[in-house]
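On a predicted model such as this, the values are computed, not experimentally measured, just so you know.
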Amino acid sequence: MTERPAHADSLPPNERRPLAARVGAGVWGRPIVPVVVIGVAVVLPLVVKSGFTLGIFTDSLVYVVLALSYDLSVGRVGALSLAHPAFFGTGAYAAAIVFERYALPLALQVLIAVGAAVVLAFLIGIPAFRLAHLTFGMATLGFALIAELIAQNEIGLTNGPLCIAGLSSLSSRPLGSLGIDQNGQQYYIFLVIAVAVAAFVWVLVRSRIGRAYIAIREDEPMAMSVGINPKRYRMSAFVIGAALAGLLGAFYAHYLSVVCPTNLDISYTVNLLVILFLGGTGGFWGIIAAAFVFTAIPEELQVAPNIRLIAYGAALLLGVTLLPQGFEGAAKNVRRRLTRRARARRA
Amino acid sequence: MNLFVSEIVNGLVLASFFALLAGGLALIFGVVGIVNFAHGDFVMIAGYFFYEFYVYMHLPYLVAIVLTMLATAAFGGAIYWLALRHLIARAWYAQLLATLGLSILFENIAQEIWSPNARSVATPSTLQTAMRIGTVNVTVQDLYVVIGTIICLLSLWLVIAKTRWGKAMRAVSQNREACIVTGINVKLVALLAFTISTALCGLAAALVLPLQDVYPTVGLAFTTQAFVVVILGGMGSMRGAVVAAVIIGLVDALAAGYISSAYTDAFGYAVMILILLVHPAGLFGDPSQRRGWVAL
Amino acid sequence: MLEVKGVTKSFAGVHALEDVELTVKAGQFVSIIGPNGSGKTTLFNCISGFLRPDNGTITFEGRPIAGRQPFQIAHLGLVRTFQSVRLFGQLTALENLAVAVQQHQGDSTLGRFFRTRTIRRHEAEAVAHAEELLERVNLEQHRSTPAAELSYGQRKLLSIAAALMARPKLVLLDEPTAAVNPTAILSIRDILRELHQEGQTILLVEHNMQFVMDLSEHVVVLDAGQKIAEGSPREVREDKRVLEAYLGT
Amino acid sequence: MEPDAVLTVSDLHAGYGDLDILHGIDLTVRHGVTTVIGPNGAGKSTLLKAIFGMANTTKGTVYLSGTDLLRLSNRRLLAAGVSFVPQGRCNFPRMSVQENLEMGAFTLPQRQAREAVSSIYDRFELLSAKREQLAGELSGGQQQVLEMAMSLVTSPRLLLIDEPSLGLAPMTLKMVLDEVKSISEQGVTVLMVEQNARQALERSDWGVVLELGRKALEGTGPDLLNDARLADLYLGGAALSETAVGDE
């Protein structure tokens, strides 16, 4: 028996918490940040004329959605799955296959893509969640690898390494009539998806479901003792994240107009882990910022891919070693230290 | 029958490679207490070392093998002291991410130094001689791999079982606090274990290189294979790692021979997942280990 | 209300509990005491579902609960606290209470997400109840403070409030005074007394004898996994075997 | 400093991280067995850990006949003649008794280590019969004896033992405490923390009672056992200090 209570320092109460953190207050909290961010994102294509640069921002939006959906499992319930690209790729393949064979409309393709990702998430999750920590991660990695091998080898279904090509690209007639070109239209479509998914995640994590997620991540026994079934909630975060990735995959297939086995590749996982852990797992704005920083900046600077990866690797190694809580956590620490110092000065 | 026996031989060669990889990984996990996701990259780098010594400098085969082991061990020890030892008290997922970063770093630095192209090593023709054992062709190389592995693992076992520092390694893996009060230098023991583990990577690379090309991104595949084996054997158990290496090696080889070579890796994973569902802690793991999820 | 019969639990061959009997009647305040390693916490863990007893039965309001999952037991109205404060540090005091009410209403998952009118009403009620409890434990001015920033004693109080959020029929309190400063102990004592006077059934595990003797109607003494005495606080205090259990024989 | 003092602790403040547990302990340990008792959370284990450099010491001194212990690394402490048997299992369960003792002698030169281990076998016949058995397969009491033996391999002058009776059956407990007593009779000064106050104090030359990080009482074993205040401290009668909850 240790004689040490877990934590005994007492800080003065912090009354200046954002409204959104209070139960019963509006879900949206201070609207200023999202309004500014969305505003900037909307006017961006009017400023940025280069199709290349706009494409980079579109890619960043894709990573925003992937990272936020992946974080539901990694950051919110603490299940370090390594299978997220499998859901994304499955969504893309599902949409591509039903488009190619039955020419279904986009809405149906998206539904089917989400359905396929959800089914796969249950297939992976049911056995994998019987395991824990690293074994869970390795089991999900195994499933992800099997999914990629299927995409590579089941040529009758996926064309294998030759990819499914010739998908109609995304466009929007109303935007076209406003004189926005193809690149701009695609950008706006992904902007709408990203805003919708971000809003969904924001509401979800502030609902009672989100509070249950935090509860089981922070303290599973305590969560159980107040009546929360950890298995069910952990699975739900995993499956919801998969559904969002599948949805994104369907649109992404049309954005690239081609789907290849590399869409399921583990290299996505590596990028996403960099974004999540340096942006701060279980966060929101930190992840969004990191998705942009780690996607747009290296692309825009046209850094050679392996130099960029050297930087990623170093960032991950040093970041995890030196900043245990990511950017957001580091920023919070700095803020806390500053307020404490200010308070001390006042006193 | 012929196919079966020759696949068993392939399986044993594969198993030897896995045993060296996974044995080292288990040693790091058990003694140092780090989940090392850059393990396969040490093999990749060792592959290039071997290439430099053997192909570029034309050193004799055995000399090149020994030099590769020494160089990899020195390199591993240095990396451990500079970077990895700071991760000891951290959670497993933080270790996984940091070493994943290290792996990306190695991979791309290797690309800068040695180019992304695959390199292969032509072994001395004497090694490629095929011998007929019964009805099956076995190359001298195959025998070298299996026998070299067995000798290496046996001597490692002797070191761990009989020597003072070997015993200290076991002691550290069993009870860190007790080590502190008995005055065992835990930091030095961990460094030693890491160095031995990377020496095994060096041997694995030098033995197997003629059978497998080396290229900068090959490390991640080695790492995941090593993890499959170590998790199946039970984290931190050297014995488990060796047994699991034989299982996975044979399964991979037989599946490649009889079912489909395209899905070889998938069978290893499938076996791991199936066995884990029955033994969640692996074959020789400690089932009392607490369940844990990422908590930041 | 709670009946524990013949409960036995051993770890690696060592009997942590041997044939323990315990009854808690509705409205009663019962305490379990005993020296270190006497099996108090093990008994608690068996009752709250964190351990499965090797033998024996545990019934709560006539329903057998031994071996059920902790969250299922919580649903039946039997809620516990922990010896080391377990709270969700990132969440505010009020949110910690809100999490605690999670599962006790039959809301649909979709409803929870879209915050239908019923949900909003339930949440409003829950918030009102939480405010009330915060006031009870004198934390109303800390409603928006993250739990990690509260003092240890305040967090203990908050965790008791969290257990009460679900309006449990029986609360199990695991050492509420451990590592708490003397003033906070007094306020915990007053709060528990008040709760009990209002009819709350309470089962307490505690080291602080003063606290136990002050509050309980009935005391059960465990030593080396066995019940060695029980009765009113006075009877127990005068029991020779109890003193021996503490000072050794 | 008193002439017969082996260990002198003065005004020791220690804890973990930001948390202070000991609030100024003064203590003189003389030859024989000194037992520290006290309710949970009193800081008993922290006291031993602080002496062995395993807690965060913020103030105070610890002298072992003139040597300041607080500045020493654990290996230096062993060389200075201090050994520590922490609470809970402190052996290597999947190593043999022989190997465990060798690990206890890790800081000694090889030859000296061999001699030390064989003299331990002469001292503990129980262990001598079980050289090749795995430590994890011994009974709880035997493991406790093994752990004490491991810490005696370095021939310490001062032995710190934290709750040797933890989790032991009553009969084994007596055996272990008798062993502690006989260790002290062979010239090793023992500072022991023990829950089982009566059993421990009966075998002690001096007893110290801690409460909430301060020294509450001290005296010879029998004196303390007959002190009414001790029972109150454990069973909460009249308040021993201002910290207890007031009676109705």
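Between Asn117(B) and Tyr215(B), the side chains place no donor N or O within less than 3.5 Å of an acceptor N or O (distance only, hydrogens not considered). For Tyr268(A) and Thr262(A), the side-chain atoms include no donor-acceptor pair closer than 3.5 Å. Side chains of His84(A) and Ser69(A): a donor-acceptor N/O pair is present below 3.5 angstrom, by distance only.
Only the side chain of Phe37(B) comes within less than 4.5 Å of a heavy atom of chain A; its backbone N, CA, C and O stay farther away. For Leu87(B), the part sitting under 4.5 Å from any heavy atom of chain A is the side chain, from C-beta outward, and nothing else. Heavy-atom distances place both the backbone and the side chain of Leu309(A) under 4.5 Å from chain B. Both the backbone and the side chain of Leu277(B) have a heavy atom closer than 4.5 Å to some heavy atom of chain A. Of the two parts of Ile231(B), only the side chain, counted from C-beta on, holds a non-hydrogen atom closer than 4.5 Å to a non-hydrogen atom of chain A. Ile150(A) touches chain B through backbone and side chain together, each having a heavy atom under 4.5 Å away. With a 4.5 Å cut-off on non-hydrogen atoms, Ser103(B) does not touch chain A at all.
Taking chain A as the reference chain and counting heavy-atom pairs below 4.5 Å, the highest number among His86(B), Gln95(B), Glu112(B) is found for Glu112(B). Looking only at heavy-atom pairs under 4.5 Å with chain B, the residue among Gly137(A), Ala311(A), Ala315(A), Ala139(A) that has the most is Ala139(A). Here Leu149(A) is the residue among Leu149(A), Ile146(A), Leu273(A) with the most heavy-atom pairs under 4.5 Å with chain B.
At a threshold of 4.0 Å, the pair Arg234(A)-Glu220(A) counts as salt-bridged, since one of the basic side-chain nitrogens sits closer than that to a carboxylate oxygen.
Side-chain atoms of Ser81(A) and Phe136(A), non-hydrogen and from C-beta on, do get closer than 4.5 Å to each other.
Relative to the six-membered ring of Tyr51(B), Arg119(B) meets both conditions, a distance below 6.0 Å and an angle of at most 45° to the axis.
Taking the six-membered ring where the residue is Trp, Phe277(A) and Tyr93(B) present tilted rings, their angle falling between 30° and 60°.
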